[in-house]
Amino acid sequence: MSTDKLPTRSENFSEWYNQVIQRAEMADYAPVRGCMVVRPYGWALWENIQQALDKRFKATGHVNAAFPLFIPMSFLEKEKQHVEGFSPELAVVTIGGGEKLEEPLVVRPTSETIIGYMYSKWIKSYRDLPVLINQWGNVVRWEMRTRLFLRTLEFYWQEGHTAHATAEEAVEETIRMLNVYTDFALNEAAVPVIPGKKSETEKFAGAVDSYTIEAMMGDTRALQAGTSHFLGQNFARAFEIQYLDPNNSLQYCWTTSWGLSTRFIGAIIMTHGDDQGLILPPRLAPIQIVVVPIYKNDQEQSKVFAAVQQVEKQLSAWRFKVDLRSEVTPGFKFNDWELRGVPLRIEIGPKDVDNGVVTLARRHLPGKAGKSTLPVDQLSNQIGSVLDEIQAALLERATRFRDEHIFNPKNYDELKEVVQNGWAFSWWCGSADCEAKVKEDTKATTRCIPLDQPEESGPCIVCGKPAQRKVYFARAY
RNA sequence: CGGGGCGUGGCUCAGCCCGGUUAGAGUGCACGGUUCGGGUCCGUGAGGUCGGCGGUUCAAAUCCGCCCGCCCCGACCA
């Protein structure tokens, strides 16, 4: 890997993105087009994301299970919208064990159908409800244009699938999980997402309503970072998921599904990163603190290493690493760990040892601005709050960036302009024609209709007809 | 699939138009020394079927044909 400078984000954002991922060893390209290898450092980040989410799923009553990778083709065809939405991007297995299969198997692009099939076997009574199951797994969608983490043929995610007795309960669940995602994004990833509802044209194939958390990336493009769907009775009818209610009458269930994928890693990278590389939020960073010892001869080395040992003892509550490499200089290590986005660096050199301190360097504040010293014996009771400050600063900074790039265009011409470098928040009549016109003119699509809306109305930014809802228009990944 | 571009040591590329010694550079890798508070410097070394097949020629990385693969733009999309 070259030690050349990264391309800057302003000169070539997507090249910056690709290079930072590969240089930081988060992921690499696999020998199959469109597939990636998630390397240990990237996977460690994903594991931390998984833990943060899984804890929240369990706290809201969900349990984990595992469903098959292969789905009979006929299952997909049972829900009309669903098959129309997914058939162009299916990977299909037609041969198994050297024999042509009687029925082709689809490599799951999502699991509503096979889980629906199982739910129809498991659910008989209102007493069986609700069923609240999540699975962690991988899915395959044969995308044409791929991009590390954002869009690959195979990706890792979690998909929750729930079945309920009433529409109200299912809607409540859909919103509950949307809120879980929002809470995760804000408080763990420091990614300030906007929760809202998808338009008819943007919603999930087979859903009644789709909800999303939308995030603004560093180039102002929007990224759908997680979704929660109210599926109504569409899949329940397709798979005959029925139960007897207390009055002994047969009812269809109401189902939901919700998912968040390794795409979120892309969201973290493009929300916080800078021209030096990644910046990972302390709560999710695989390495929260890196310790770099500095010395120029054996005498200094032993002095410094003794101090490093003291420091290590005080850091036991955090995920930290001591960089003892002797073949590279401290300056190299600084750049190296900055590229990898470690939020806090502790430098320990002879001068620090003489003064009984260590030097802290905050990743998000380059150069002198992020540096300070701390007495060694203060480490264990101060580091926690330093990391909390960094976490808060990242969220604050990303939120400010987002808000500075959301505009209220006064007319359609202004909308066309602002979506070139930001999002437009505008009244929209709800018609697909108006959406399509914006897309054709600007490549921007409706991202979401936020849940908390002003009790007002206004003229549609496109056609001028009365509109009840405001929507975000943005170019998206 | 439509439009554009590219395949040369691990990586990034030069060389190709205008065919001609042992195919180069930077970086990475290995070893030795030097350095170490912001990507040290010097030296030595390993590493290449020039994407594949065929053709032209005394001679092909270089010219011609076919094929394969990848990247970028577009339609699709967590």
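Below, each value reflects all heavy atoms present in this structure, side chains not excepted, and no hydrogens, waters or symmetry copies. Lettering of chains follows the sequences in order, A, B, ..., and the numbering in each one begins at 1.
If you take CG of A:Asn335 and P of B:G38, they are 10 Å apart, rounded to a whole angstrom. Atom pair A:Arg325:CZ and B:C29:P shows a separation of 10 Å (rounding to whole Å applied). In this entry the distance linking CG of A:Leu339 with P of B:G38 reads 19 Å, nearest Å. One interatomic measurement links the two molecules: NZ of A:Lys371 to C1' of B:G38, which rounds to 7 Å at whole-angstrom precision. Note: CG (A:Asp336) to P (B:G38) measures 16 Å, nearest angstrom. Taking atom CZ of A:Arg23 as the reference point, atom C1' of B:U12 lies 10 Å away to the nearest angstrom. Put simply, CG on A:Leu324 is 19 Å from P on B:C36, counting in whole angstrom units. Rounded to a whole Å, the CG atom of A:Asp323 is 13 Å from the C1' atom of B:G39.
A 4.5 Å side-chain heavy-atom check between A:Tyr211 and A:Lys198 finds every atom pair outside the cut-off. Side-chain contact between A:Phe473 and A:Phe425: absent, with no pair of heavy atoms (C-beta onward) separated by less than 4.5 Å.
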task = Take A:Glu202 and A:Arg447 through the salt bridge (Lys or Arg N to Asp or Glu O under 4.0 Å) test and state the conclusion after the steps.
result = CA-CA 8 Å; A:Glu202 295 286 327; A:Arg447 301 318 306 159; 3.8 Å; yes
Practice prompt. Assess whether side chain to side chain contact (heavy atoms under 4.5 Å, CB included) is satisfied between A:Leu231 and A:Val208, documenting all intermediate values.
Written response: CA-CA 5 Å; A:Leu231 303 175; A:Val208 172; 5.9 Å; no
Start with the C-alpha gap between A:Asp219 and A:Arg9, add the side-chain angles, then the distance that decides, and say whether salt bridge (Lys or Arg N to Asp or Glu O under 4.0 Å) holds.
-> CA-CA 8 Å; A:Asp219 60 352; A:Arg9 300 195 318 154; over 6 Å; no
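A heavy atom lying under 4.0 Å from RNA chain B marks none of the residues of residues 55-73 of chain A. Within residues 341-354 of chain A, the residues that have a heavy atom under 4.0 Å from RNA chain B are, in order of number, A:Arg345, A:Glu347, A:Gly349, A:Pro350, A:Lys351, A:Asp352.
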Between the protein and nucleotides 40-44 of chain B, which nitrogen or oxygen pairs are less than 3.5 angstrom apart?
residue, atom, partner, partner atom, Å
B:U40, OP2, A:Thr329, OG1, 2.3

Between the protein and nucleotides 75-78 of chain B, are there any N/O to N/O pairs under 3.5 Å, and if so, what are the atom names and distances?
residue, atom, partner, partner atom, Å
B:C76, O2, A:Glu143, OE1, 3.3
B:C77, O2', A:Glu143, OE2, 3.0
B:C77, O2, A:Arg151, NE, 2.1
B:C77, N3, A:Arg151, NE, 3.2
B:C77, N3, A:Arg151, NH2, 3.2
B:A78, O3', A:Gln224, NE2, 2.8
B:A78, O3', A:Arg263, NH1, 3.0
B:A78, O2', A:Gln224, O, 3.3
B:A78, O2', A:Arg263, NH1, 3.4
B:A78, N6, A:Thr152, N, 3.0
B:A78, N6, A:Thr152, O, 2.9
B:A78, N1, A:Leu150, O, 3.4
B:A78, N3, A:Ser261, OG, 3.0

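A distance of 6.0 Å or more separates the ring centres of A:Phe235 and A:Tyr119.
Going from the P atom of B:A60 to that of B:C17 covers 14 Å, rounded to whole Å. Rounded to the nearest Å, the gap between the P atom of B:U57 and that of B:C16 is 24 Å. Using atom P as the reference point in both B:A23 and B:U40, the two lie 34 Å apart (nearest Å). Here, B:A61 and B:G7 have their P atoms 16 Å apart, quoted to the whole Å. Taking atom C1' in both B:U22 and B:G28, the straight-line distance is 24 Å, to the nearest Å. B:G48 and B:G5 have their P atoms separated by 33 Å, given to the nearest Å. With C1' as the reference atom, B:C63 and B:A75 are 38 Å apart, rounded to whole Å. B:G65 sits 42 Å from B:C29 when the P atoms are compared, rounded to a whole Å.
Across all strands shown, A:Glu300 has no heavy atoms under 4.0 Å from either base or sugar-phosphate atoms. Nucleic acid contact class of A:Thr359 (heavy atoms, under 4.0 Å, all strands): base.
The stretch residues 49-65 of chain A participates, sequence neighbours left out, in these side chain to side chain donor-acceptor pair (under 3.5 Å) pairs: A:Asp54-A:Lys58, A:Asp54-A:Asn64, A:Asp54-A:Trp136, A:Arg56-A:Asp183, A:Arg56-A:Glu188, A:Thr60-A:His62, A:His62-A:Glu173, A:Asn64-A:Asn134. Identified under the side chain to side chain donor-acceptor pair (under 3.5 Å) test for residues 318-336 of chain A, with sequence neighbours left out: A:Asp323-A:Arg325, A:Asp323-A:Trp337, A:Arg325-A:Asp336, A:Asp336-A:Arg340. Counting only residues at least two apart or in different chains, side chain to side chain donor-acceptor pair (under 3.5 Å) contacts with residues 302-312 of chain A comprise A:Lys303-A:Asp354. Sequence neighbours left out, the pairs with a member in residues 362-373 of chain A that pass side chain to side chain donor-acceptor pair (under 3.5 Å) are A:Asp274-A:Arg363, A:Glu347-A:Lys371, A:Arg362-A:Ser372.
Stem regions for RNA chain B, each three or more consecutive Watson-Crick or G-U pairs with both distances under 3.5 Å and listed by first number, read B:1-7 with B:68-74, B:10-13 with B:24-27, B:29-33 with B:41-45, B:51-55 with B:63-67.
The two residues A:Ala307 and A:Ile348 make their nearest non-hydrogen contact at CB-CG2, 4.0 Å. Across A:Trp16 and A:Leu6, no two heavy atoms sit closer than the pair NE1-CD1, 3.9 Å.
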Which donor-acceptor pairs under 3.5 Å do the side chains of residues 260-273 of chain A make with protein atoms, sequence neighbours left out?
residue, atom, partner, partner atom, Å
A:Ser261, OG, A:Arg263, N, 3.0
A:Thr262, OG1, A:Tyr156, N, 3.4
A:Thr262, OG1, A:Tyr156, O, 3.2
A:Arg263, NE, A:Leu150, O, 3.1
A:Arg263, NH1, A:Gln224, O, 3.2
A:Arg263, NH2, A:Leu150, O, 3.3
A:Thr271, OG1, A:Ala267, O, 2.6
A:His272, NE2, A:Ala189, O, 2.8
A:His272, NE2, A:Ala190, O, 3.2

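Evaluation of the side chain to side chain donor-acceptor pair (under 3.5 Å) rule for A:Thr152 yields no partner, not counting sequence neighbours. Not counting sequence neighbours, the partners of A:Phe86 by the ring-ring contact (aromatic ring centres under 6.0 Å, His included) test are A:His82, A:Phe204.
A salt bridge is defined here as a Lys NZ or Arg NE, NH1 or NH2 lying under 4.0 Å from an Asp or Glu carboxylate O, and A:Lys439 with A:Glu435 fails to meet this definition.
For the pair A:Ser326 and A:Gly367, both in contact range of RNA chain B, the more 5′-proximal nearest nucleotide belongs to A:Ser326.
With A:Phe334 as the aromatic partner, A:Arg345 meets the cation-pi criteria of under 6.0 angstrom to the ring centre and within 45 degrees of the ring axis.
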